[in-house]
Amino acid sequence: MGLLIAIVVGCVLGLIFGINAPIIPYTYSGYLAIAIVAALDSVFGGITSVLNKKFDMKIFVSGFFGNAILSILLTYLGEKLNVDIYLAAIVVFVGRMFTNLSIIRRYYIDKWSQKKQEKEDENKQKTV
Amino acid sequence: MNKKYVMLTIGIMCFLLTVGICIQVKTISNTNTTGISKNATENKLRDEVLRWKERYDNAYKQLGETENILEEERKKATEDNEETTQMKDELNKINKLLGLTDVKGEGIILIVDDNKDADSNILDQNAAVVHDGDLIEIVNILKNGGAEAISINDQRVVSTTAITCDGSVVRINGEKVGAPFEIKAIGSQERIKGVLEMPYNYIYWMGADGIDITIRKVNSIEIPKYEGIIKREYLKDR
């Protein structure tokens, strides 16, 4: 529950902040886009690891910034080499995002069905 | 493990992420990419255009700032000397005459647009469109009416200005401008209006062709300065 609140509060605050933030030059918007995808991947990874109780702060924070910076650098390199390297980064990040999302989904569905099962068991006991 | 810190970190990350997304969305929606093209080369070209435009804007802003500094330096240098003050005034006056300063004053705003309801069966399709020649004629009429400063879609008309045809658009000072044309002229409202409405003049016949012309008297018009450089490579004193 606390996780959900943290995410919602963070997102709402970010929205308020972001709407009032200045825009960046168009030249850099491509880099920001790839950094956003990398950060999104890290956040999903973080949520998954919290659910799996394997959360490590150092790994999470370093992954959040490290991935974003690395993907920006790769995009820059790709631009210099005239190869769309950022596509590879997007494939990796989005692929991982799907994996993480499926883990999160499975976790909550399992929890939900467990609760349902318990309730049914209780009802049966009462009737008996 | 301290659960609070975990939540806090994830909250902060979400915050950063949302800020990034907001900035990105705002940036993209601010750069007017008209329509979505499926053509990769077209996308790339548009990207390039946007980048160059940004660079141009930056350089132009820098130029403006530098000019301000120069102006200030000039002011400082001429502060206590009467002769140089006079020279500075002279310089300002000349710049104004050349069209190198932003000016404002009373005058007329003309809006000239293509004949949008033209029947596709009309004999002369060209008559429904505003051409470079039409603009030249209008500028000539305005000058005849004593206009002291003229701009077309914010392109200042100066002594070196050329108005030429460039396919579907018109080039003024080397910059592309398209219909509708907003022609601003500073000068005596009565005189300019008089020459514009002279019977059977060029504008009358443009109107007869269905070109959409509106003439408006405005008490305070702002006309931007000429943004180019007036070269004098071949000019020599006699």
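Computed from a prediction, not measured in an experiment: that's the story for all the values here. Within every chain, numbering begins at 1; the chains are lettered A, B, ... in the order of the sequence lines, protein sequences first and strands thereafter.
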Answer yes or no: are there more than 12 heavy-atom neighbours, outside B:Ile229 itself, under 6.0 Å from its atom CD1?
no
Quick one: which of A:Val50, A:Ile47, A:Leu40, A:Val9 has the most heavy-atom pairs under 4.5 Å with chain B, could you say?
A:Leu40
Please give me the minimum heavy-atom distance between A:Leu32 and B:Gly20, naming the atom from each residue.
CD2-O, 3.7 Å
Counting only heavy atoms not in B:Lys104 (residues, nucleotides, ligands), do more than 12 fall under 6.0 Å from its NZ?
no
Scanning both residues in full, the closest heavy-atom pair of A:Ile24 with B:Thr27 reads O-CG2, 3.1 Å
Is B:Ile12 in contact with chain A via its backbone, its side chain, both, or neither, using a 4.5 Å heavy-atom distance?
neither
Return the minimal non-hydrogen interatomic distance between A:Ile19 and B:Lys26, and the atom names on each side.
O-NZ, 2.6 Å
If you compare all heavy atoms of A:Gly14 against all heavy atoms of B:Cys22, which two are closest, and at what distance to 0.1 Å?
O-SG, 4.4 Å
Distance in Å, B:Ile28 CD1 paired with A:Ile23 CD1, rounded so as to fall on 0.5 Å steps
10.0 Å
Should the heavy atoms of other residues, nucleotides or ligands under 6.0 Å from CD of B:Glu72 be counted, would the total exceed 12?
no
From OG1 (B:Thr9) to CZ (A:Phe55), nearest 0.5 Å
5.0 Å
How many angstroms lie between atom CD of B:Gln24 and atom OH of A:Tyr28, to the nearest 0.5 angstrom?
14.0 Å
Note: vs chain A, highest number of non-hydrogen pairs under 4.5 angstrom among B:Leu8, B:Val19, B:Asn58 is B:Val19
Contact origin within A:Val43 toward chain B - heavy atom pairs under 4.5 Å:
side chain
Gap between atom CZ of B:Phe15 and atom CD1 of A:Ile7 - 0.5 Å precision:
15.5 Å
Please determine, among A:Ile16, A:Leu13, A:Val12, the option with the most heavy-atom pairs under 4.5 Å with chain B.
A:Leu13
When rounded to the nearest 0.5 angstrom, what is the spacing between CD1 in A:Ile36 and CD1 in B:Ile21?
5.5 Å
So CG of B:Leu17 and CZ of A:Phe44: to nearest 0.5 Å the spacing works out to 8.5 Å
